[in-house]
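Encoded as C-alpha cells, the structure appears first; notes follow it.
A, B, ... follow the sequence lines: proteins, then strands. Residue 1 opens every chain. Just so you know, these numbers come straight off a predicted model, no measurement behind them.
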Protein chains: 2
Amino acid sequence: MGTVRPDAQRRAGRPPQGVLSRTRITGAALELIDEAGYDGLTMSALARRLKVAPSALYNHAASKQEVLRWLQDHVMTMVDFSAFATEPWADAVRSWAWSYRGVFARHAPLVPVIAVLPVTDAADTLRMYEEVARGFLAAGWPEDRVVPAIVALESFIYGSALDVSAPSDIFDSGALAGEFPLFTSAVRSSTGSGGNAADAAFRAGLEGLITGLDKQLAD
Amino acid sequence: MGTVRPDAQRRAGRPPQGVLSRTRITGAALELIDEAGYDGLTMSALARRLKVAPSALYNHAASKQEVLRWLQDHVMTMVDFSAFATEPWADAVRSWAWSYRGVFARHAPLVPVIAVLPVTDAADTLRMYEEVARGFLAAGWPEDRVVPAIVALESFIYGSALDVSAPSDIFDSGALAGEFPLFTSAVRSSTGSGGNAADAAFRAGLEGLITGLDKQLAD
DNA sequence: CTCACTAAATGAACGACGTTCATTTATTTC
DNA sequence: GAAATAAATGAACGTCGTTCATTTAGTGAG
C-alpha cells in the first residue's frame with residue numbers, strides 16, 4: 001500500500017541497513033565543526049545531521065568524549081610526516097612541526113583532549129609516531145631519548161596551536177599600559193615589524209628547539 | 001523580638017555589608033578546585049560555598065568565563081619570576097619556566113582559557129610579563145624579539161603543563177604494539193630509565209629551547 | 001524453519017549547568 | 001528625604017549529555 005516516502009521519518013526499530021558507524025559519525029562531526037565550530041558540535045546537532053535521534057549515537061559511541069577521541073585520531077591523519085622518509089632530520093622535523101601545528105590550530109579544542117587521552121587503539125596516531133621515531137633513530141638518536149624529544153616538540157606544537165587561536169590583541173595591556181612600560185613597548189615593536197605574531201613566535205621557538213636538540217645530540 | 005539566628009538564611013534584598021567580591025569569589029573558587037577539581041567548579045557549588053544564591057554571583061561576574069579569568073590572573077601570582085632580578089638570563093628562564101609549568105600543571109583546565117584570553121586588566125599577569133621582559137632586555141635581547149621568544153617559551157610551558165596531567169601510560173600502544181615496533185620499543189626504553197617521563201621531556205625541551213634561543217641571539 | 005538473542009533505531013524523560021529576570025532590601029547620591 | 005543604584009533571593013528557562021523502555025531487523029543455534 002504505502003508508497004515510498006524518501007524523506008519520511010524512520011520508524012522505530014533497527015533499520016534494514018546500518019545508518020551509523022564510526023566513520024560516518026566522525027565525518028559528520030568534521031563537517032559540523034567546519035560549519036559551526038566546536039561550539040556547534042553537540043550530540044543533538046550531530047544526530048540531526050545524520051538524520052537520526054540523539055540517543056541512536058549511543059549505540060556506537062559510549063560518550064561524546066569517545067567521539068572526540070575518534071575525531072582526534074582522524075585529524076592526526078591530516079598531519080604530514082612524509083619528510084621523515086626523505087629529508088635530513090632537521091628539515092623533516094621542521095616540515096612535520098609546521099604541518100602538525102597548522103592542523104591543530106584549526107582544531108584547538110581537541111588539544112586538551114589529546115594531551116590527556118591514551119593513544120591505545122588510535123591506529124592513525126600511532127602510525128605517525130612510528131614514522132617519526134624511525135626518522136629520529138635514523139638520524140642517530142639513542143633510543144631512550146627519542147620519546148622525550150618527541151614529547152617536547154609536541155608540547156611546543158600543542159601550546160603553539162592554542163596560541164594561534166588567540167585574539168591578535170591578546171597582549172594589549174589597555175588602561176594598565178602605563179604601569180608596564182617595558183612590556184608594552186616590546187609588544188608594540190614586535191607587532192610593528194609586520195607578519196603574523198603567532199607565526200614569528202612559532203618560528204623562533206621551533207628553530208631554537210631544533211638547534212638546541214641537535215646540539216644535545218652531539219654531546 | 002526575633003533573636004539573632006546565626007545560620008539563618010539571608011532574606012532577599014541587599015545585605016547590610018557586602019557578602020561577595022572578586023577576591024572572595026576567586027578564593028572560594030580556588031578552595032573548591034583543590035577539593036573537588038575543576039569538574040567541581042560550578043556556579044552552584046561556588047555559590048553554595050559562599051552561602052549565597054547562584055544568581056548573586058552575576059552581580060559581580062558577568063559569566064563563569066569571567067571567574068575563570070580572575071582565577072587565571074590569581075594563579076599567575078603563584079609563578080615565581082624573581083630570578084630575573086638576580087640570575088643570568090639562562091638560569092632565570094630555567095627557574096621561571098619550571099615554576100610556571102608546575103603551577104599550571106595543577107591548573108591544566110585553565111590552559112586553554114589563558115591561551116585565548118586577552119591580558120587586558122589582568123594586572124598580576126602583566127606584572128610578570130613586565131619583569132620577564134626586563135630580564136630579556138637586560139640580557140641584551142633586541143626589543144622586537146622579546147615577545148616572540150616569551151611566547152615561544154610560554155607555548156612550550158602550556159603544552160608541557162597539559163602533558164603533566166596526562167596518564168603515565170598514554171603511549172601504551174596496547175594490542176597494536178606489534179604493528180609499531182620502533183615506537184613501542186622507544187617508549188619502553190625511555191620509561192625504563194626511571195624518573196618521571198613528563199619531567200624528562202620538559203627538561204630536554206627547555207634546555208634545547210634555552211640554548212637554541214641563546215644561539216639565535218648571538219647571530 | 002523457528003526461536004532466542006543481539007544490534008540498532010525511536011522518543012520520552014532526567015539531572016546538571018549556566019544564565020536571566022522580577023522582586024526585595026539596603027546603601028549611596030543629589 | 002527622594003531617587004538611583006547595588007546586591008541579595010528565588011523561580012524559571014534553555015541546552016546539553018545521557019539513560020531507558022520500546023520497537024523492529026538481522027543473526028545464529030538446534
Side-chain angles (χ1 to χ4, degrees), chain A residues 1-2 4-26 28-29 32-33 36-71 109-110 112-113 117, chain B residues 2 4-26 28-29 32-33 35-71 109-110 112-113 117:
Chain A
M1 277 282 124
V4 180
R5 297 176 304 159
D7 279 323
Q9 198 184 356
R10 212 185 339 270
R11 294 209 317 289
R14 179 174 181 164
Q17 75 270 15
V19 179
L20 293 180
S21 67
R22 167 169 167 170
T23 308
R24 256 180 288 193
I25 292 174
T26 308
L32 201 49
I33 287 161
Y38 273 86
D39 287 347
L41 179 61
T42 68
M43 295 301 266
S44 304
L46 196 49
R48 204 176 313 125
R49 172 169 293 259
L50 290 159
K51 295 183 195 288
V52 140
S55 55
L57 293 170
Y58 290 86
N59 288 320
H60 301 261
S63 63
K64 184 179 180 179
Q65 272 291 312
E66 181 152 50
V67 175
L68 291 179
R69 239 176 292 152
W70 294 347
L71 212 45
L110 284 183
V113 176
L117 244 55
Chain B
V4 178
R5 298 176 303 160
D7 280 324
Q9 198 185 356
R10 209 185 342 269
R11 291 209 320 289
R14 179 174 182 162
Q17 75 269 15
V19 178
L20 294 181
S21 66
R22 166 170 169 169
T23 308
R24 256 181 287 193
I25 292 174
T26 307
L32 201 50
I33 287 162
E35 289 176 20
Y38 273 86
D39 286 348
L41 179 60
T42 68
M43 294 301 265
S44 304
L46 195 49
R48 204 176 312 125
R49 172 169 293 259
L50 290 159
K51 296 185 196 288
V52 138
S55 55
L57 294 169
Y58 291 86
N59 287 319
H60 301 261
S63 63
K64 184 179 181 181
Q65 272 292 311
E66 181 152 50
V67 175
L68 291 179
R69 238 175 294 153
W70 294 347
L71 212 44
L110 283 183
V113 175
L117 243 56

If I take atom [atom1] in residue [X] and atom [atom2] in nucleotide [N], what distance separates them, rounded to the nearest angstrom?
X: A:K64; N: C:dC17; atom1: NZ; atom2: P; answer: 16 Å
X: A:L41; N: D:dC16; atom1: CG; atom2: P; answer: 11 Å
X: A:L20; N: D:dG26; atom1: CG; atom2: P; answer: 16 Å
X: B:L57; N: C:dC21; atom1: CG; atom2: P; answer: 17 Å
X: B:L50; N: D:dT9; atom1: CG; atom2: C1'; answer: 15 Å
X: A:I25; N: C:dA8; atom1: CD1; atom2: P; answer: 10 Å
X: A:Y38; N: D:dC16; atom1: OH; atom2: C1'; answer: 18 Å
X: A:R48; N: C:dG11; atom1: CZ; atom2: C1'; answer: 16 Å

Using a strict cut-off of less than 4.0 Å between a Lys/Arg side-chain nitrogen and an Asp/Glu carboxylate oxygen, indicate whether A:R22 and A:E66 qualify as a salt bridge. no
Can you tell which of [options] lies closest to the side chain of [X]?
X: B:Y58; options: D:dC20, C:dT19, D:dG17; value: C:dT19
X: A:M43; options: D:dT9, D:dG17, C:dT19; value: D:dG17
X: A:H60; options: C:dA9, D:dA8, C:dT20; value: C:dA9
X: A:S55; options: D:dA8, D:dC20, D:dT9; value: D:dC20

Work out how much the helix from C:dC1-D:dG30 to C:dC30-D:dG1 bends between its end axes, five pairs an end, to the nearest 10 degrees.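 Terminal axis comparison yields 10°.
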With a 4.5 Å cut-off on side-chain heavy atoms, are [Y] and [X] touching?
X: B:R49; Y: B:E35; value: yes
X: A:L57; Y: A:V67; value: no
X: A:N59; Y: A:L20; value: no
X: B:T42; Y: B:L32; value: no

Taking all non-hydrogen atoms of both residues into account, name the closest pair between A:A61 and A:W70 and its distance.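 The pair with the smallest heavy-atom distance is CB-CH2, 3.7 Å.
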With hydrogens left out and only the distance checked, is there a donor-acceptor pair under 3.5 Å joining A:N59's side chain and the base of C:dA7?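 There is none.
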Pick the closest DNA chain D nucleotide for A:A62 and for A:D39 by heavy atoms, then say which residue is nearer the 5' end.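 First, find each residue's nearest nucleotide; the 5'-ward one identifies A:D39.
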In Å, rounded to the nearest 0.5 Å, how long is the span from CZ of A:R69 to CG of A:L117?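 A:R69 CZ to A:L117 CG: 5.0 Å, rounded to 0.5 Å.
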Answer with base, sugar-phosphate or nothing: what part of the nucleic acid does B:T42 contact at a heavy-atom distance below 4.0 Å?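 Here B:T42 touches the backbone only, sparing every base.
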